[in-house]
Amino acid sequence: MEDEKKGLPEDTSRGEETGLAHHAKAGLPVSRRELVLADPERLALADKVMIEGLEVFANHGVYAAERELGQKFVVSAVLYTSLRAAGESDYLGKSVDYGEICHVIDQFMREHTFKLIEAAAEAVAAELLDRYPQLFGVKLTIKKPWAPIGLPLASAGVEIIRTR
């Protein structure tokens, strides 16, 4: 019962029916054991919740002034999960609440300080995967539009994909 509350399918190693045949046909993880083995190529077939261009003011950067004064970061996320139950039930509790996740990302980035946006991306991805067990993986992009480069540019940034 605990696994159902978390949105994790039961282990199918004993041949039990999970009701997730659609996952298997789509090449998606169908058991907890397979979630550990999820890879980015398999995630391409998963349902996605997308967050694009979330602006966060936080204190990250190599230079002390960046960490003292803070600056704008632009965060985008692709959250890989199954949206079938939410689509069939029209119930937010069966989905991933992107509004809530935006607030989690914003609060996490404001409460923590990193020198590198690579480290910030790793930490945010880990936080999302820890907090939302129904996620198979996350693609996270963090852009730094005010990067102290000394040349004109739209932004510098990183993009990572992390899975369970």
Side-chain angles (χ1 to χ4, degrees), residues 1-58 60 72-114 117-145 155 157-164:
M1 290 296 174
E2 185 65 29
D3 288 337
E4 290 175 9
K5 289 179 186 175
K6 292 181 179 178
L8 293 174
E10 61 192 35
D11 190 350
T12 59
S13 62
R14 296 182 302 261
E16 298 169 355
E17 182 61 44
T18 67
L20 295 176
H22 63 280
H23 277 151
K25 288 178 187 172
L28 297 174
V30 294
S31 71
R32 290 176 300 222
R33 182 171 297 142
E34 286 184 282
L35 281 174
V36 175
L37 303 175
D39 61 66
E41 290 78 28
R42 292 179 73 189
L43 289 181
L45 300 172
D47 297 335
K48 301 165 186 70
V49 172
M50 296 171 287
I51 298 167
E52 184 69 35
L54 174 66
E55 293 186 9
V56 176
F57 193 88
H60 310 292
K72 180 170 77 170
F73 296 86
V74 180
V75 181
S76 297
V78 178
L79 311 165
Y80 300 95
T81 189
S82 175
L83 299 175
R84 183 179 297 269
E88 291 174 348
S89 67
D90 199 20
Y91 175 61
L92 180 58
K94 298 281 185 179
S95 189
V96 177
D97 184 342
Y98 54 79
E100 177 183 309
I101 290 179
C102 286
H103 287 278
V104 167
I105 293 169
D106 179 68
Q107 181 176 2
F108 187 89
M109 288 195 59
R110 284 185 293 108
E111 291 179 353
H112 298 84
T113 300
F114 301 96
I117 54 176
E118 294 88 339
E122 285 289 343
V124 170
E127 177 70 13
L128 294 176
L129 290 171
D130 286 347
R131 197 180 278 228
Y132 299 96
Q134 67 271 41
L135 294 179
F136 302 141
V138 60
K139 177 166 77 171
L140 193 67
T141 305
I142 300 180
K143 294 181 180 179
K144 192 172 174 180
S155 67
V158 298
E159 180 175 274
I160 64 170
I161 298 175
R162 296 297 176 262
T163 60
R164 297 201 170 279

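From a predicted model like this one, the values you see are computed outputs, not experimental measurements.
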Report the residues that fulfil salt bridge (charged side-chain N to carboxylate O under 4.0 Å, His left out) with K72, sequence neighbours left out, ordered by chain and then residue number.
E55
Atom of P145, atom of V74 and distance for their closest heavy-atom approach:
CG-CG2, 4.1 Å
Show me the pairs that pass salt bridge (charged side-chain N to carboxylate O under 4.0 Å, His left out) and involve residues 100-112, at least two apart or across chains.
D106-R110
Residues in salt bridge (charged side-chain N to carboxylate O under 4.0 Å, His left out) with K143, at least two apart?
none
Using atom types as modelled and distance alone, determine if a side-chain donor or acceptor of K48 lies under 3.5 Å from a backbone N or O of A46.
yes
The side-chain contact (heavy atoms from CB on, under 4.5 Å) partners of K94 (sequence neighbours excluded) come to A85, A86, S89, Y91
Test of understanding: with ring-ring contact (aromatic ring centres under 6.0 Å, His included), list the residues that count as partners of F108, not counting sequence neighbours.
H112
Could I get the full list of side-chain contact (heavy atoms from CB on, under 4.5 Å) partners for Y98, not counting sequence neighbours?
V49, I51
Distance-only criterion, 3.5 Å: show the donor-acceptor pairs between side-chain atoms of residues 117-127 and protein atoms not counting sequence neighbours.
{"unit_1": "E122", "atom_1": "OE1", "unit_2": "R162", "atom_2": "NE", "d": "3.2"}
{"unit_1": "E122", "atom_1": "OE2", "unit_2": "R162", "atom_2": "NE", "d": "3.0"}
{"unit_1": "E122", "atom_1": "OE2", "unit_2": "R162", "atom_2": "NH2", "d": "2.4"}
{"unit_1": "E127", "atom_1": "OE2", "unit_2": "R131", "atom_2": "NE", "d": "3.1"}
{"unit_1": "E127", "atom_1": "OE2", "unit_2": "R131", "atom_2": "NH2", "d": "2.9"}

What pairs with K139 under side-chain hydrogen bond (donor to acceptor under 3.5 Å, both in side chains), at least two apart in sequence or on another chain?
none
With sequence neighbours excluded, what pairs up with A58 under the side-chain contact (heavy atoms from CB on, under 4.5 Å) test?
V56, H60, F73, M109
Those residues that, when tested against T141, pass side-chain hydrogen bond (donor to acceptor under 3.5 Å, both in side chains) (two or more places apart)
E159
Nearest heavy-atom pair of L129 and G137: which atoms, and what distance?
CD2-CA, 3.9 Å
For the CD1 atom of I101 and the CG atom of L54, what is their distance to the nearest 0.5 Å?
11.5 Å
Tell me whether the count of non-hydrogen atoms from other residues, nucleotides or ligands lying under 6.0 Å of CG in D90 goes above 12.
no
Could you check I105 against L128 for side chain to side chain contact (heavy atoms under 4.5 Å, CB included), going step by step and ending with a plain yes or no?
CA-CA 8 Å; I105 293 169; L128 294 176; 4.3 Å; yes
Among all residues two or more places apart in sequence or in another chain, which pass the side-chain contact (heavy atoms from CB on, under 4.5 Å) test with H103?
none
Measuring only between side-chain heavy atoms, which start at C-beta, is L79 closer than 4.5 Å to Y132?
no
Give, for atom CG of D47 and atom OH of Y80, the distance between the pair rounded to the nearest 0.5 Å.
11.5 Å
Spacing of T163 atom OG1 and L135 atom CG [to the nearest 0.5 Å]:
11.5 Å
